[in-house]
Amino acid sequence: MLKVSQPIKKILVPLISILLGFLVGAIVMLIFSYSPIQAYTSMFQGALGSMSGIGETLRQATPLIFTALGFSVAYSAGFFNIGMSGQALAGWVASVWVALAYPNLPTYLLLPLAIIVGALAGGLIGAIPGVLRAFFGTSEVIVTIMLNYVVLYTSTYLLQNVMPKSFRSSTDSTQTISAHASLRMGWLQNIFGGSRINAGLFLAVIAIIIFWIMMKKTTLGFEIRSVGMNPFASEYAGMSSKKTIILSMVISGVLSGLGGVVEGLGTYQNFFTQTSSLSIGFDGMSVALLGGGSALGILLASLLFSILKIGGLGMQTGAGVPFEIVNIVIAAIIFFVAIDYVIGLLFKQKKATGTNTGAKPEQVIHQPKGGSEI
Amino acid sequence: MTKSEYVVEMRKITKDFGGFKANDQVDLKVKPGEIHALLGENGAGKSTLMNILSGLLEPTSGEILLNGEPVKIDSPTAANRLGIGMVHQHFMLVDAFTVTENIILGNEPSHLGVIDRKKATKEIKELSDKYGLAVDPNAKVRDISVGMQQRAEILKTLYRGANILIFDEPTAVLTPQEIEELIGIMKSLVAEGKSIILITHKLDEIRHAADRCTVIRRGKSIDTVEVKGTTSEELAEMMVGHSVTFKIPKDPAKIGAPILNVKGLKVNESRGLPAVKGIDFTVHGGEILGIAGIDGNGQTELIEALTGLRKVAAGSVVIQGKDVTNAPVRKITETGVAHVPEDRQKYGLVLQMSLSENLALQTYYQKPMSRHGILNYHEMRKEALRLIREYDIRTTNEQLKAGELSGGNQQKAIVARELDRNADLIIVSQPTRGLDVGAIEYIHRQLIDQRDQGKAVLLVSFELDEIMNLSDRIIVLHDGKIAGEVHPETTTEQELGLLMAGSSVQAAAQEVK
Ligand SMILES: Nc1ncnc2c1ncn2[C@@H]1O[C@H](COP(=O)(O)OP(=O)(O)OP(=O)(O)O)[C@@H](O)[C@H]1O
Ligand SMILES: [Mg+2]
């Protein structure tokens with residue numbers, strides 16, 4: 001058994017999960033007779049081997065940071081938000097719409113306006129399951145899943161039937177937004193070899209900092225955590241769990257909406273018909289869980305995720321490994337992180353003799369329910 | 001085979017929680033067929049020691065012998081196999097399952113992979129008849145009383161063939177009648193040759209039930225004594241290290257202005273049935289009003305309605321002249337109300353948060369704990385350290401999770417938080433449940449102090465002693481109505497008992513004569 005202290009364990013466990021994920025990916029590749037070494041080399045080559053690769057990786061991480069933060073806020077309040085795809089999509093459509101409607105406004109007006117409207121659209125979609133849960137006790141899981149579809153098909157309808165014809169370049173795509181509404185920055189793109197990296201990255205970093213301050217330092221964060229951990233005691237202490245749940249869902253939706261905004265105003269510069277729910281919604285969930293809900297964890301996890309995604313393309317071109325295998329590697333990593341509890345058991349020995357908890361598995365399982373006096 | 005004199009022998013058990021020794025070289029020897037009490041202050045390390053014996057915790061050092069043979073108990077399953085069963089203070093039953101299903105859970109008798117319910121029910125019936133453990137095997141756990149839930153827990157350990165039974169504060173949640181029954185059950189179990197380790201803070205229960213008693217103080221075993229020939233005072237002194245006053249002297253009440261006024265109050269319980277059926281009373285500054293009654297006669301609903309946690313169906317609640325009927329919790333709190341809730345783990349604390357955050361649970365949004373919505377952790381810690389010192393909360397540090405405090409210290413933390421707010425009306429429900437005699441004395445003094453400062457105190461307790469010792473006036477709740485109002489100087493426990501059972505004041509007075 002390995003003996004380590006608590007903080008080191010916190011870092012080691014996800015690292016080992018990631019390594020095991022890569023290992024399983026390698027085994028899968030061997031089974032299908034691809035060379036894992038070649039594949040992983042071209043993967044890191046693709047993601048980090050050139051300035052444009054790094055730029056694309058950072059670009060890919062940007063919306064994931066937003067959706068992961070969004071998921072974490074709701075999750076802290078005890079709310080399982082699976083609707084980030086829809087919330088992000090709403091943000092994307094709304095921001096592009098504003099950008100197309102007022103193309104000639106100066107940047108300092110148009111860009112903030114488009115961003116804010118996009119964020120609010122996400123917040124609005126997020127508020128719906130929050131209100132339903134707070135007042136009617138409706139399961140947020142079902143409502144958010146269904147809302148993903150509602151938003152998905154509504155977006156197509158809006159694009160094809162409601163938007164003024166002049167906004168569209170074809171039946172399933174809008175015009176490109178004006179430079180006044182774009183998040184792209186010439187100098188940044190120049191540094192990163194012409195990749196689609198954009199100012200959304202800075203917004204994401206700011207969002208991480210605000211998220212950290214909000215959760216750790218503000219009374220609102222205190223209430224969100226408290227309601228998530230014990231709604232009864234929170235009511236007792238005079239907090240309104242209804243208000244907190246709705247508010248956390250609005251914040252979650254706003255953050256997810258911003259994830260869509262950076263796709264619209266940064267990555268793609270337009271909106272086009274989506275055939276399925278946005279993957280940044282679901283990937284954001286994985287990133288949040290992988291990052292353990294902490295600000296730094298989310299930053300690192302979003303980078304890892306982007307390396308896998310962008311590098312996965314490189315794997316395909318460089319080593320001929322199909323993208324499906326890349327997805328298996330990603331899935332394996334998430335799987336091992338999800339069972340990090342089991343991996344944590346590797347370090348059991350030290351716990352019994354030293355650090356904070358001497359709890360055995362049985363006890364750990366009971367504890368979250370708060371039912372047992374230990 | 002040389003048979004040892006002891007069934008259980010724990011030798012020099014030490015349990016270190018990150019530098020803090022919850023158990024420090026503790027010795028415990030239990031004879032076969034005895035009820036062995038374990039006595040110690042809150043946080044002395046009793047639960048820790050028993051969790052080690054039942055395989056939930058691993059000791060840092062020390063050894064355990066069963067019938068003279070060294071054993072390794074590294075999981076509850078191993079403990080089970082060795083015939084050790086534990087009835088935890090907070091029951092571990094699945095609400096939505098029946099009593100039978102709970103008992104056989106993890107140990108289901110099956111026939112070709114199908115659970116043999118008939119056989120299970122029959123075996124449980126036999127066991128419950130044998131030991132007089134009346135349960136309804138087909139009732140859902142959520143529908144049965146706490147006493148019956150406990151009997152189900154006991155059956156669960158017996159069903160698994162336990163020979164050594166551990167009871168961690170089993171009586172804290174029971175009514176006096178149920179306690180009598182439980183002691184009877186324990187006696188019949190030891191008559192069978194089983195051995196019992198009993199944790200309790202109530203000295204007369206120890207004197208009543210136990211043969212021998214081991215005293216633990218701050219993680220160290222002090223002594224093991226024969227219960228016969230030892231007085232409660234001696235036990236208390238051994239446990240705390242100094243002498244303890246059981247009945248706190250108090251001056252006559254200086255009754256002030258009315259602070260809480262309740263008129264025609266009706267409250268429904270969760271299923272919508274009436275629980276409080278129209279009651280009127282007033283609590284004045286400078287007095288302690290005790291509410292006596294058997295659990296389940298509307299006390300919980302009454303307190304929840306007064307504090308804003310439950311809707312008032314009819315009537316009014318006026319505090320300090322302000323109508324707060326159906327007002328939000330925070331508004332009521334800010335009117336000047338402190339509330340020590342009955343269920344400390346559900347309402348009183350956020351167990352996963354730190355002690356310091358829990359101590360700020362009612363004040364986090366005000367200066368100086370926060371400013372413009374930004375928390376001041378420095379101030380929170382400072383306050384926490386002060387409360388820990390003043391109220392003698394035994395903890396390793398203020399950042400410990402509330403759930404890691406011992407049961408009694410969780411309660412002390414809540415009391416500290418509530419009494420420290422300088423509220424005009426103090427509503428306390430079962431304030432000393434699970435506390436050691438020293439801590440009870442301390443909290444009783446605090447409540448009397450508050451009353452002497454002119455605060456109004458509303459005290460709900462199932463402990464008649466507590467009601468009698470503290471109250472200036474007592475109202476008895478029966479079936480959601482006030483069965484009578486009596487004064488502690490002129491009433492007897494017998495009269496109270498009759499009122500609690502539903503007699504009228506006249507009838508009760510008659511019968512007592
Ligand atoms: N996981 C843990 N980490 C750190 N300290 C702990 C942990 N569990 C218990 N403790 C500490 O060990 C001490 C003993 O706790 P224990 O629960 O055994 O007390 P107890 O004698 O059962 O008290 P009570 O009568 O109040 O239930 C307490 O000070 C408690 O805070
Ligand atoms: Mg205990």
Side-chain angles (χ1 to χ4, degrees), chain A residues 1 5-7 76-78 210 212-244 247 345 348-374, chain B residues 15-19 22 47-48 51 55-61 74-77 88-92 168-169 307-309 328-334 339 341 343 345-353 357-358 360-362 364-365 369-370 373-375 377 400-401 403-404 406-407 410 434:
Chain A
M1 295 277 185
S5 68
Q6 204 67 25
S76 302
I210 293 177
W212 182 81
I213 293 174
M214 182 184 85
M215 295 308 284
K216 295 276 178 202
K217 301 282 173 195
T218 68
T219 53
L220 176 65
F222 187 83
E223 286 172 0
I224 289 177
R225 283 186 289 134
S226 177
V227 166
M229 291 191 256
N230 187 344
F232 300 103
S234 307
E235 288 275 347
Y236 156 87
M239 304 173 195
S240 160
S241 55
K242 283 193 174 79
K243 190 186 105 188
T244 309
L247 205 56
L345 286 185
K348 191 177 95 181
Q349 209 57 24
K350 172 83 179 189
K351 290 204 298 182
T353 52
T355 52
N356 242 329
T357 72
K360 299 276 271 307
E362 290 79 359
Q363 202 182 359
V364 174
I365 289 164
H366 289 311
Q367 231 161 7
K369 290 191 227 145
S372 62
E373 185 206 24
I374 310 279
Chain B
K15 176 69 196 176
D16 194 319
F17 286 118
S47 297
T48 304
N51 285 336
L56 277 170
L57 290 174
E58 217 169 339
T60 312
S61 66
D74 51 11
S75 71
T77 327
H88 292 267
Q89 180 175 1
H90 300 93
F91 305 143
M92 306 205 170
D168 193 354
E169 297 191 36
T307 51
L309 287 166
V329 178
R330 183 155 290 166
K331 181 154 174 253
I332 296 178
T333 307
E334 287 177 347
H339 176 200
D343 190 334
Q345 297 205 327
K346 186 169 172 191
Y347 285 100
L349 297 166
V350 182
L351 293 176
Q352 302 95 316
M353 278 192 173
E357 286 176 305
N358 271 287
L361 204 57
Q362 299 273 27
Y364 71 93
Y365 62 96
M369 295 300 176
S370 67
I374 303 291
L375 292 167
Y377 275 97
L400 197 70
K401 296 220 164 66
E404 287 170 349
S406 82
Q410 293 178 357

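A, B, ... follow the sequence lines: proteins, then strands. Residue 1 opens every chain. Here the structure is a predicted model, which means the values were calculated and not measured.
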Checklist entry - Between B/Gly434, B/Gly308, B/Pro341, which shows the greatest number of heavy-atom pairs under 4.5 Å with chain A? => result B/Pro341
Checklist entry - So do B/Leu57 and B/Phe17 actually touch side chain to side chain, heavy atoms under 4.5 Å? => result yes
Item to check | Heavy-atom side-chain proximity of B/Tyr364 to A/Glu223 below 4.5 angstrom | outcome: yes
Checklist entry - Any idea which of A/Ser226, A/Pro231, A/Ser240, A/Gly238 has the most non-hydrogen atom pairs under 4.5 angstrom with chain B? => result A/Gly238
Next on the checklist: Does any part of the side chain of B/Leu375, heavy atoms only, come nearer than 4.5 Å to the side chain of A/Lys217, both counted from C-beta?
Outcome noted: no
Checklist entry - Checking heavy atoms, do the side chain of A/Met239, its backbone, both or neither come under 4.5 Å from chain B? => result both
Item to check | Side-chain heavy atoms of B/Asn358 within contact of B/Leu361, under 4.5 Å | outcome: yes
Item to check | Side chain to side chain, A/Glu235 and B/Leu309, heavy atoms closer than 4.5 Å | outcome: yes
Next on the checklist: If I measure from the heavy atoms of chain A, does B/Glu334 come under 4.5 Å with its side chain, its backbone, both, or neither?
Outcome noted: neither
Item to check | Side chain / backbone / both / neither for B/Ser370 at chain A, heavy atoms under 4.5 Å | outcome: side chain
